[in-house]
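Note that ligands are numbered from 1 as they come in the structure, with each ligand's atoms numbered from 1 the same way. Computation of the quantities below employed the complete heavy-atom set of this structure, encompassing side-chain atoms and omitting hydrogens, waters and symmetry-equivalent molecules. As the structure is a prediction and not an experimental result, all values here were calculated from the model.
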Amino acid sequence: MQNFPGMASWLEINKSNLLSNVKLFRSYQSVSPQFSSLGVVLKGNAYGHGLLSVLECVHSLVDIVFVISPEDAKFVRDYESKRKLPKLRVVVLGAITVSEAAELAELEIEAVVAGCEWKDFGADLAKQKLVKKLKLHIHIDSGLCREGFLPDSLETDLQFLKDLSATCEIVGALSHFANTEDVTEQEYAAEQVNRFELGLKKLEALLGGKRLERHIAASAATLLLPQARLDSVRVGISLYGLWPSKETRLSAKIVLPELPKLKPVLSWRCESQVVKWLPQGSFVGYGCTYRCAQRTRVAVLPVGYFDGYPRSLSSKAHVLINGERCPLLGRVMMNHLVVDVTKLPGDFEKITATLLGEDGKDAISAETLADWAQTINYEIVARIPIHLKRVLI
Ligand SMILES: *Cc1c(COP(=O)(O)O)cnc(C)c1O
């Protein structure tokens, strides 16, 4: 294990695991002939893994990157121009303003039309005298009831597309599943696919029969529903080696000939700040919620809820030190944790703790942390803040 002394805590991004996950999703192209573009989702600072680190690993290996904001899309273009790399397809999934739309067109970044707020974009964009047309994907709401146009009223709702024709080119249509990762039986997903197809038919007719690029599958559907891979996929959580849910993994075990090998990419470690012995009867941490039943050796770790370590893990979690589980004592504080290291042999002043990831023969997964904190692995990783150092290993 590498150490990064002087850093409060750091995240290790395992490049070979990330590449192995990319390879897994690539391999589906040989069994799904329509599936031509591998898209990966880098929103939420690449699910907390660090946009730059992940970009460095996957830029040359994927066909599309999906981001949430124009800022992140521009970050990708900056990254490319600094390194003289070819422009990858970049799609902004989130909301944009008219002036951002003009900027994105210039940078050849694609955007998503998610609702009627685009009604006035046509007239406003015409004033901006774009040199390049902005490429757009139309979001069809097939049942998540978040972004998108409902198939039933799509023709009327999208009448404004004709005002966009001078400045924009409609290139794709997308939708997003509501519960593929929550169930082991996918009736609702099948219904969503039908509604997406209905919406697509109407949309393509509205555009004079133009065939659009179609994409609906996030990780769970890409893994479990080959018929949903369509032209492109948008793989988020599983790019990072995590299962979308226990149900998805269970379904995969049941319905797939063999369980895909997703390899977790992230480890989170820190060096202790203080190691010391406390006398029997000592109270540990805010609220004095833990009292030492005997003389206890503790390590104070420079990590807290400011760093994305959930406070709800207080008195519940453990960390790994030299492969041994060391329990958290008392509460998670803003910048500190206290762990019990009494059982560790020998004399030492500093230790390296693993908060998430493998250490020796043991591991703490994002799922384990999520279970302890009563949330999902997505939230655990996405909430790891930007200020922590990411290192590619
Ligand atoms: C977040 C998101 C994805 C990726 O979902 P995962 O479950 O992380 O794979 C795909 N598409 C859209 C529209 C999203 O918002």
Suppose we measure from [atom] to each protein heavy atom; which comes out shortest, and what is that distance?
{"atom": "atom 4 (C) of ligand 1", "answer": "Tyr47 OH, 3.4 Å"}
{"atom": "atom 11 (N) of ligand 1", "answer": "Arg234 NE, 2.8 Å"}
{"atom": "atom 5 (O) of ligand 1", "answer": "Ala218 CB, 3.3 Å"}
{"atom": "atom 12 (C) of ligand 1", "answer": "His176 CE1, 3.3 Å"}
{"atom": "atom 2 (C) of ligand 1", "answer": "Lys43 NZ, 2.5 Å"}

Axial cation check for Phe348 ring with Arg297, 6.0 Å and 45° limits: yes
Hey, could you give me the CH2/CG distance between Trp10 and Asp307, rounded to the nearest 0.5 Å? 13.0 Å
Here the gap from Gln29 atom CD to Ser37 atom OG, rounded to the nearest 0.5 Å, amounts to 7.5 Å
Which atoms of ligand 1 are found less than 4.0 Å from any heavy atom of Ile237? 6 (P), 8 (O), 9 (O)
Under 4.0 Å from a heavy atom of Ser219: which atoms of ligand 1 are those, numbered in the order shown and with their elements? 6 (P), 9 (O)
Does anything in residues 25-45 form a salt bridge (charged side-chain N to carboxylate O under 4.0 Å, His left out)? List the pairs, not counting sequence neighbours. Arg26-Asp63
Under the salt bridge (charged side-chain N to carboxylate O under 4.0 Å, His left out) definition, can you give me all pairs with a residue in residues 192-209, not counting sequence neighbours? Glu155-Lys202, Glu191-Arg195, Glu204-Arg214
Please determine if Glu80 and Lys87 form a salt bridge, counting it only when a charged side-chain N lies under 4.0 Å from a carboxylate O. no
Does ligand 1 have an atom under 4.0 Å from some heavy atom of Tyr378? yes
Of all the heavy atoms in Arg146, does at least one lie under 4.0 Å from an atom in ligand 1? yes
Given the options His176, His137, His215, Phe66 meets ring pair (Phe, Tyr, Trp, His ring centres under 6.0 Å) only with His215
